[in-house]
Amino acid sequence: MGKMSVNLCGIELDNPVIPASGTYGFGYEFAELYDINMLGTFSFKGTTKDPRFGNPTPRIAECPMGMINSVGLQNPGVEKVISEELPKLKKCFNKPVMANVSGFSVDEYVYTCEKLDKCEQVGWLEVNVSCPNVHGGGMSFGTSPEAAAEVTRAVKKVTTKPVIIKLSPNVTDIVSIAKACEDAGADGISLINTLLGMRIDLKTRRPVIANKMGGFSGSAIFPVAVRMVYQVANAVKIPVVGMGGVSSAEDVIEMMLAGATAVEVGAANLINPYACKEIIEDLPRVMEKYRIDDLTDIIGGVK
Ligand code: SIN
C-alpha cells in the first residue's frame, strides 16, 4: 500500500481526508457509525463568540448534484464548545482537531480563536471569512484582501497554532485575497466555501429558502473548486486545503494534483454519513490504479 500521510502546517495526518465544517457536527455524532480516528482530522462546526440559533427555516434546498444551505452559523458559542462539545469529542477522537471559527467583527474572531487556541485538542484554527449566510458577517471579510488580511493579522497575534484562512469563491479575484492572507501571516488557505445560489418554488413563486439565498455545495461545484485551488496553490507558498464537491477518492487525487495538501469533504457527508470512511478505504485502490506510491509526491503535480 502506498503512503497516504501528508503534513499539514507541521502536523502529520494519516491521510489527507478531512470532513468539512458544518457537515460533521462535533465528530462524536459520527463516532456512533464508525471509528472516526481513521480520518486525517475533521473541521468542527463553525463556532462563534456567542451562541447562535441560526437563520429561519427552510434553510435547505435540494438541487441537481448539490444543495443550498442557509444555516446561519447555528452553534452553541465558544464557551459551550469548550466545556461541553470538546470533552464529548475527546472520548472518541484522539487526534488534533481543526477548529472552525466565524465572527462578526475582528474582535470576535480574536476572542474565539484565542480561546480555542488554548485547547490541547485543537491542532489548527480554520478561520472562516467566507460564510455567505450572515449579513455583515464572515463573508464581508472574505471579499476584500484588506479585510481578510486584517482578520488574519489580528488572529495570528493571539494564537500559537497554525491558522488556516477559509476563503469564499464569491469574489472576482480569489488569488489576491489568498496572497493578502499569506502576507498577513496565515499558515494555510482553505477553499472553496459555497457558491451563493437561489431556488424559487414554482407553486408559491417564493424563494425556497427563507433567507432567499444560500450557499450552493455538492459535486456540481467540484470543477470550480479545482480551478480555484489550482489558481491559489500556484500563487502562494503556504499549504492549501482543497474542498468543494469532493465525493470520491478520485476527487481527492484530482484536488491534490491541483495543489491541495489535504482535502475536505462537505456535502457528501450529508448524503452518505459513511462518505469519508469509504473515500479513505478506497484511496489505496485509486493510488495503485494511477501508480501513486506517496500522496505527497502528487501535490500540485498537474502538468
Ligand atoms: C452556515 O452556517 O450558514 C454555513 C457556514 C458557511 O458556509 O460558512
Side-chain angles (χ1 to χ4, degrees), residues 18-26 29 42-63 66-78 80-81 85 98-105 108-109 112-113 116 124-143 147-148 151-152 155 163-171 174 177 181 189-199 207-218 220-222 224-225 228 241-246 264-270:
I18 306 175
S21 177
T23 67
Y24 212 74
F26 287 94
E29 302 91 331
F42 74 94
S43 181
F44 66 55
K45 180 81 189 86
T47 297
T48 50
K49 177 174 179 281
D50 299 313
R52 285 182 55 80
F53 183 74
N55 289 338
T57 56
R59 296 170 171 181
I60 303 287
E62 288 189 34
C63 313
M67 59 176 280
I68 296 176
N69 92 80
S70 177
V71 172
L73 296 172
Q74 179 176 347
N75 79 96
V78 68
K80 274 209 170 142
V81 167
E85 304 296 341
M98 194 177 281
N100 185 284
V101 174
S102 277
F104 292 83
S105 66
E108 279 192 27
Y109 279 105
T112 309
C113 286
L116 288 167
W124 311 256
L125 293 151
E126 182 176 48
V127 178
N128 182 9
V129 292
S130 49
C131 176
N133 299 328
V134 281
H135 299 294
M139 189 147 91
S140 56
F141 292 100
T143 51
V151 173
T152 309
V155 165
V163 171
I164 297 171
I165 306 292
K166 182 169 177 178
L167 299 185
S168 170
N170 303 306
V171 294
I174 198 164
I177 298 171
C181 294
I189 300 290
S190 65
L191 73 156
I192 59 173
N193 203 325
T194 52
L195 291 151
L196 195 60
M198 181 174 177
R199 297 300 308 270
V208 174
I209 290 205
N211 215 26
K212 291 190 182 158
M213 296 168 207
F216 181 44
S217 61
I221 74 166
F222 182 67
V224 178
M228 287 188 148
V241 180
M243 80 189 92
V246 174
E264 293 192 20
V265 178
N269 296 309
L270 306 177

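Order of appearance sets the numbers: ligands from 1, and atoms from 1 within every ligand.
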Item to check | Min side-chain heavy-atom separation V129-S168 under 4.5 Å | outcome: no
Item to check | Heavy-atom side-chain contact between I189 and I164 under 4.5 Å | outcome: no
Next on the checklist: Before you tell me yes or no, could you show the steps for T152 and V127 under side-chain contact (heavy atoms from CB on, under 4.5 Å), namely the whole-Å CA-CA distance, both residues' side-chain angles and the distance that decides it to 0.1 Å?
Outcome noted: CA-CA 8 Å; T152 309; V127 178; over 6 Å; no
Next on the checklist: Is the shortest side-chain heavy-atom distance between K80 and P51 below 4.5 Å?
Outcome noted: no
Item to check | Contact residues of ligand 1 (heavy atom under 4.0 Å), by chain and number | outcome: N69, V71, G72, L73, N128, C131, P132, N133, N193
Next on the checklist: Please verify the inter-ring angle class for F141 with Y109; under 30° counts as parallel, over 60° as perpendicular, anything in between as tilted.
Outcome noted: perpendicular
Checklist entry - Got a sec, which residues hit side chain to side chain contact (heavy atoms under 4.5 Å, CB included) with A61, two or more places apart in sequence or on another chain? => result I68, R199, V208, I209
